[in-house]
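These notes concern the structure reproduced below.
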Amino acid sequence: FADPTSLATAVANAGTDGIVIALGGGGPITTSGITLQSGQTLIGGGESIQVQLADGSTTNFLLSGTNGTIDGDPGVTTVTLASGVTIRDLTIQGGTTVIGGNAVSNFTLTDLNIQNATDGISVTGAAGANVSNISFSGITGTSLFLNNQSATISNITINGGTNGLSIANNTGTTTLSNINVSNVSGDALSFSNNTGVINVSGFTATNTGDDAIAVTGGGTFGFTGTTTLSGLGAGATSDGIDLSNTNNATLTFGDVDVTGLGGGTGLNMAGADATLTMQSLDITGTGVAGSKGVDLSGTQNGRTVSIT
């Protein structure tokens, strides 16, 4: 593999479907922002990658070195996606947005540390996104935002920032599993204007300034397993589950545990237009004046609420 003078040169030389290796050991690799080409793989050192030989067969190639750190200059998108790309086994930081993209499909982001920027991962028009095994820290805005058709998101840890994970305009099927969000000043998990299906298993939110789960608009949502929401904010708008802005939404939950309710509502359906089924709901609060366990006032269009 060639050793170019910059990350941008490496991306250009690798070409479509090429491999770019970001090695550790020499300090962070700085960049004014790179745009990957279709099908490229951006990977850290010390990992195994499948390569195609001249005869058309494939084999696993063990890369030398260690995982690198890519550091974007202030004000840039550190890495811009293309369709079919894979980014894995790296720490990526800096810039205004660490990883961004628009109208990209079938990309994979896995085994990454995303840190020290305004926004972490922000993709508009995502289709076939696969996002897994990612830790976010030092993000001041939103850690993970997808405006998407479909995605699979798993094993995500978010610590700090304004908002945790946000999904908008989902039209297909999006699956979330093992999502942990803590210490955000805004919403931990939010959905807006979805018309497709969203399935969530194993969601935990801890120390949330605003809502632990907020749903705006419609869509079909299935939460399985135990949803654990603890340490909500003291403000009156800090709800465990906020469905007050739904429009023809359908939601099912397994067990829901809300602890440390502050000044808001454990389950807020005031003015909601949603059909809701829960296997169980347990709410405990901190005694803040004005807080509510469940608010069903003004529920619209004869929707049903069932908590067994």
Side-chain angles (χ1 to χ4, degrees), residues 109-110 120-121 123 126 128-136 142-159 163-182 184 186-208 210-232 239-259 266-269 272 274-283 305-308:
L109 310 175
T110 188
I121 297 171
V123 184
N130 192 327
V131 182
S132 64
N133 304 323
I134 298 182
S135 175
F136 296 84
T142 298
S143 287
L144 176 54
F145 170 78
L146 293 180
N147 182 314
N148 66 297
Q149 297 177 22
S150 59
T152 300
I153 304 169
S154 63
N155 301 321
I156 304 297
T157 300
I158 296 170
N159 184 14
N163 298 309
L165 195 162
S166 179
I167 303 292
N169 300 307
N170 176 72
T171 57
T173 297
T174 289
T175 301
L176 287 71
S177 61
N178 192 24
I179 311 296
N180 293 274
V181 181
S182 61
V184 293
D187 296 334
L189 177 62
S190 62
F191 305 98
S192 60
N193 303 318
N194 296 290
T195 57
V197 175
I198 294 178
N199 296 313
V200 184
S201 63
F203 176 69
T204 299
T206 307
N207 298 333
T208 303
D210 203 355
D211 299 327
I213 299 173
V215 179
T216 300
T220 300
F221 301 83
F223 287 75
T224 58
T226 299
T227 300
T228 304
L229 316 174
S230 63
L232 297 167
D239 301 326
I241 301 173
D242 184 2
L243 306 180
S244 61
N245 293 306
T246 50
N247 181 12
N248 194 25
T250 301
L251 303 98
T252 59
F253 285 83
D255 299 322
V256 178
D257 294 327
V258 180
T259 60
L267 171 60
N268 185 3
M269 292 194 66
T275 299
L276 173 66
T277 302
M278 285 183 171
Q279 181 173 315
S280 70
L281 174 62
D282 296 311
I283 301 173
V305 178
S306 174
I307 302 174
T308 57

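Reckoned from all heavy atoms, side chains included, excluding hydrogens, waters and symmetry mates.
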Using a 3.5 Å distance criterion without hydrogens, assess whether the side chain of [X] forms a donor-acceptor pair with backbone atoms of [Y].
{"X": "Asn180", "Y": "Thr204", "result": "no"}
{"X": "Thr175", "Y": "Thr152", "result": "no"}
{"X": "Asp211", "Y": "Asp239", "result": "yes"}

TODO: Verify side-chain contact (heavy atoms from CB on, under 4.5 Å) between Phe253 and Ile307, making sure each step is shown before the conclusion.
DONE: CA-CA 9 Å; Phe253 285 83; Ile307 302 174; over 6 Å; no
- [ ] Could you give me the CA-CA distance, side-chain angles and deciding distance for Phe221 and Asn194, then say whether side-chain contact (heavy atoms from CB on, under 4.5 Å) is met?
- [x] CA-CA 10 Å; Phe221 301 83; Asn194 296 290; 4.1 Å; yes
TODO: Begin with the C-alpha distance, continue with both residues' side-chain angles, and end with the deciding distance and a verdict on side-chain contact (heavy atoms from CB on, under 4.5 Å) for Ser201 and Thr224.
DONE: CA-CA 5 Å; Ser201 63; Thr224 58; 3.2 Å; yes
Calculate, to the nearest 0.5 Å, the distance between atoms [atom1] and [atom2] belonging to [X] and [Y] respectively.
{"X": "Ile241", "Y": "Ile283", "atom1": "CD1", "atom2": "CD1", "result": "8.0 Å"}
{"X": "Leu251", "Y": "Ile213", "atom1": "CG", "atom2": "CD1", "result": "9.0 Å"}
{"X": "Ile121", "Y": "Ile153", "atom1": "CD1", "atom2": "CD1", "result": "9.0 Å"}
{"X": "Ser177", "Y": "Asn199", "atom1": "OG", "atom2": "CG", "result": "10.5 Å"}

Task: Flag for Asp255-Ser280: side-chain donor and acceptor within less than 3.5 Å - done: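 Side chains of Ser280 and Asp255: pair found under 3.5 Å.
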- [ ] For the residue pair Thr250 and Thr275, confirm or rule out a side-chain donor-acceptor distance under 3.5 Å.
- [x]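 Thr275 and Thr250 do not have a side-chain donor-acceptor pair below 3.5 Å.
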So which atom in [X] and which in [Y] form the shortest heavy-atom distance, rounded to 0.1 Å?
{"X": "Ala212", "Y": "Ala188", "result": "O-CB, 3.4 Å"}
{"X": "Ile198", "Y": "Ile167", "result": "CD1-CG2, 4.2 Å"}
{"X": "Asp242", "Y": "Ser244", "result": "OD1-OG, 2.7 Å"}
{"X": "Thr173", "Y": "Ser150", "result": "O-CB, 3.4 Å"}

Task: Whether Phe223 and Phe191 hold their rings parallel, tilted or perpendicular, with breakpoints at 30° and 60° - done: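 The arrangement is perpendicular - the two ring planes meet at more than 60°.
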Task: Contacts of type side-chain hydrogen bond (donor to acceptor under 3.5 Å, both in side chains), residue Ser190, not counting sequence neighbours - done: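 Per chain and number, Ser190 pairs via side-chain hydrogen bond (donor to acceptor under 3.5 Å, both in side chains) with Ser166.
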Task: Under the side-chain hydrogen bond (donor to acceptor under 3.5 Å, both in side chains) test, residues paired with Asn147 that sit two or more places apart - done: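 Here no residue qualifies.
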Task: Passing option when Asn148 is tested against Thr171, Asn169, Thr174 for side-chain hydrogen bond (donor to acceptor under 3.5 Å, both in side chains) - done: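 Of the listed residues Thr171, Asn169, Thr174, the side-chain hydrogen bond (donor to acceptor under 3.5 Å, both in side chains) partner of Asn148 is Thr174.
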